[in-house]
Structure formats: structure tokens, C-alpha cells
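Report on the structure given below.
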Amino acid sequence: MIRLFTALEVPDEVAERLMRLQRGLDGARWIERSDFHITLRFMGDVPEDIADDIDEALSEIPMAPFDVELEGLGEFGGKRPHTLYAGVKLSEPLRILQGRHESAMRRVGLKPETRNFTPHVTIARLNRVETDAAYSFIRANSPFAAPSFTVEQFTLFSAKASTGGGPYVPEKRYPDFGWEE
């Protein structure tokens, strides 16, 4: 079994802006810079043969370059926040790309994603952070914005089986332009 998800990678200039936020919140488990991403579709733990089908389906997804903009801070968990994130402005190209990922994974045989698509970059896990402190941090660092950036590819990542993810390993980029890293 391999744990997979697709995402957009975050460029250095934006990552540096996010990293500047990562202080002043006792108990937060800050996400490593290399693990910043914008999830398009979480597949979960899949057998190796299904991973091959996923790769084939992802290879067929058309993608034109588009701009992405980070805007605002938020949390998941409501009265007991567990995740701190930077929001991503939902654009039509991003919505379409995410929809293509969802459709492709359903064709492969994966169950539909039940959560609404909320594009974001996770910057911290808040399991040991008091609720009031989390909301104070968001207020103190708002409004938040980062320079927009253009995405030309999406990435298939693997993740170790653990709570809270990382480290994430980029397995393949689509479309494959044949660039060397």
C-alpha cells in the first residue's frame, strides 16, 4: 500500500512568506517548508497496482498554466482548531483542475471525496494549542497575503502513514515536460 495525493507545489518566494508566520504560537507543530502544498485530491492508502492506474489517469488530465493567490488565514476544527492554514483564492482554473482530479480518481475506482474543496496551505498542526490562542494568532496576523504565482504542473506525492503527514515525497509531475531537477 502507498498513501498518495495530488497537489500544487508552493514556490520559494511564497514559502518564505509563510515561514515568517511560523512563530509566536505556543504548542503549534509548524509544517516544514518542503511540505507546503495545495492539495488537489487525497487518494489515501492504495495498492501498488491502483497507483499505476492513478498515474495513467493523471497523465491524461489537461492543464494550462494559471495564477494562484494566497489570501487570509484560517483554521480547521471550529471550536477545537487542529490545523492552521493560509487560504488560497478559489479561481475558475483551480476549481476546474481539482474537478478533473476528482473525476479521474472516480474513473480509477476510488470513492468520491466527501469534503468540500477548500484550497489552502497548511502551516501548522494545533493539537496542543489553546483555542483562544489560535484565534488570537489568526487575528494578529491578518490580513495575510502573498505574491501570486503561476502553476504549470501538478504533482503526485506519497506520504508516510502517520498523523499529520510529512515528509511528502514528489513521485511525479504532470504534465511531464521532461525537465531535469
Side-chain angles (χ1 to χ4, degrees), residues 1-11 14-15 18-19 22 27-63 66 68 70 74-88 90 93-129 134 151-179 181:
M1 298 288 267
I2 184 170
R3 181 167 290 182
L4 297 174
F5 66 94
T6 56
L8 301 175
E9 295 182 65
V10 175
V14 175
L18 293 170
M19 289 170 57
Q22 294 185 313
R29 186 167 60 88
W30 301 109
I31 302 299
E32 296 290 328
R33 182 275 170 259
S34 59
D35 291 333
F36 288 152
H37 64 274
I38 302 164
T39 301
L40 295 169
R41 178 58 154 85
F42 181 71
M43 290 80 154
D45 297 323
V46 299
E48 296 284 338
D49 60 326
I50 300 294
D52 292 338
D53 294 342
I54 288 171
D55 173 45
E56 186 176 327
L58 293 175
S59 296
E60 296 171 1
I61 294 177
M63 181 177 170
F66 65 94
V68 172
L70 271 57
E75 52 71 33
F76 292 124
K79 292 181 180 179
R80 294 196 45 81
H82 54 76
T83 302
L84 176 67
Y85 67 83
V88 175
L90 183 58
L94 178 58
R95 187 192 61 73
I96 289 169
L97 181 62
Q98 191 278 329
R100 288 175 177 161
H101 282 243
E102 180 62 31
S103 296
M105 294 307 99
R106 287 183 189 188
R107 284 193 303 276
V108 167
L110 299 185
K111 291 181 180 175
E113 175 59 68
T114 58
R115 296 171 291 189
N116 289 333
F117 179 54
T118 305
H120 65 280
V121 179
T122 299
I123 56 177
R125 301 289 179 199
L126 304 177
N127 299 341
R128 290 186 233 128
V129 175
V151 294
E152 297 178 338
Q153 293 179 297
F154 59 88
T155 304
L156 176 65
F157 285 93
S158 64
K160 68 178 184 175
S162 69
T163 304
Y168 305 123
V169 177
E171 299 291 341
K172 188 171 180 184
R173 291 178 176 89
Y174 307 84
D176 182 358
F177 298 122
W179 297 334
E181 288 192 32

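A quick note: this is a predicted structure, and the numbers were derived from the prediction, not measured.
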So with a 6.0 Å cut-off around CD of Glu60, is the heavy-atom count from everything else above 12? yes

Thr39 side, atom OG1; Phe5 side, atom CZ - distance, nearest 0.5 Å: 5.5 Å

Trp30 vs Met19, side chain to side chain contact (heavy atoms under 4.5 Å, CB included): CA-CA, chis, key distance, verdict: CA-CA 9 Å; Trp30 301 109; Met19 289 170 57; over 6 Å; no

For Arg33, is the CZ atom crowded, meaning more than 12 foreign heavy atoms sit under 6.0 Å from it? yes

d(Ile50 CD1, Ile2 CD1) to nearest 0.5 Å is 13.0 Å

To the nearest 0.5 Å, how far apart are CE in Met105 and CG in Asp53? 9.5 Å

Quick check: do Arg125 and Thr83 have side-chain heavy atoms less than 4.5 Å from each other? yes

Just say parallel, tilted or perpendicular for the rings of Phe154 and His101, cut-offs at 30° and 60°. perpendicular

How are the rings of His120 and Phe76 set relative to one another: parallel (under 30°), tilted (30 to 60°) or perpendicular (over 60°)? perpendicular

Under 3.5 Å, side chain of Glu113 to main-chain N/O of Arg115, donor-acceptor pair present? yes

Would you find a donor on one side and an acceptor on the other, under 3.5 Å apart, between the side chain of Gln22 and the backbone of Ile31? yes

Heavy atoms only: give me the nearest Thr155-Pro170 pair and the separation to one decimal. CG2-CB, 3.7 Å

Determine, stepwise, if the pair Met63 / Leu97 fulfils side chain to side chain contact (heavy atoms under 4.5 Å, CB included). CA-CA 7 Å; Met63 181 177 170; Leu97 181 62; 4.1 Å; yes

Calculate, to the nearest 0.5 Å, the distance between atoms CG and NE2 belonging to Leu126 and His82 respectively. 8.5 Å

Any donor-acceptor pair under 3.5 Å from Glu48 side chain to Ala51 backbone: no

Identify the residue among Val151, Thr6, Val68 that makes a side-chain contact (heavy atoms from CB on, under 4.5 Å) with Ile38. Val68

Quick check for you: to the nearest 0.5 Å, what is the distance between Leu40 atom CG and Leu94 atom CG? 6.5 Å

Between Asp45 and Met1, is there a donor-acceptor pair closer than 3.5 Å when you use the side chain of the first and the backbone of the second? no

The test is side chain to side chain contact (heavy atoms under 4.5 Å, CB included); show your working for Leu70 and Leu18 and say whether it passes. CA-CA 10 Å; Leu70 271 57; Leu18 293 170; 3.9 Å; yes

Taking Gln153 for its side chain and Pro175 for its backbone only, find out whether a donor-acceptor pair lies under 3.5 Å. yes

In Å, rounded to the nearest 0.5 Å, how long is the span from CD1 of Ile123 to CD of Glu75? 12.0 Å

Less than 4.5 Å apart, side chain to side chain, heavy atoms only: is that true for Leu84 and Thr122? no

What are the two closest heavy atoms between Pro62 and Arg100, and how far apart are they? O-NH1, 3.0 Å

Kindly give the heavy-atom pair with the smallest separation between Val108 and Ala57, and that separation in Å. CG2-CB, 3.6 Å

What is the minimum heavy-atom distance between Ala104 and Ile61, and which atoms define it? CB-CD1, 4.0 Å

Kindly determine whether Arg3 and Phe42 satisfy side chain to side chain contact (heavy atoms under 4.5 Å, CB included), including the steps that lead there. CA-CA 9 Å; Arg3 181 167 290 182; Phe42 181 71; 4.0 Å; yes

Any donor-acceptor pair under 3.5 Å from Arg173 side chain to Leu156 backbone: no

What's the shortest heavy-atom distance between Pro112 and Glu102, and which atoms? CA-OE2, 3.3 Å

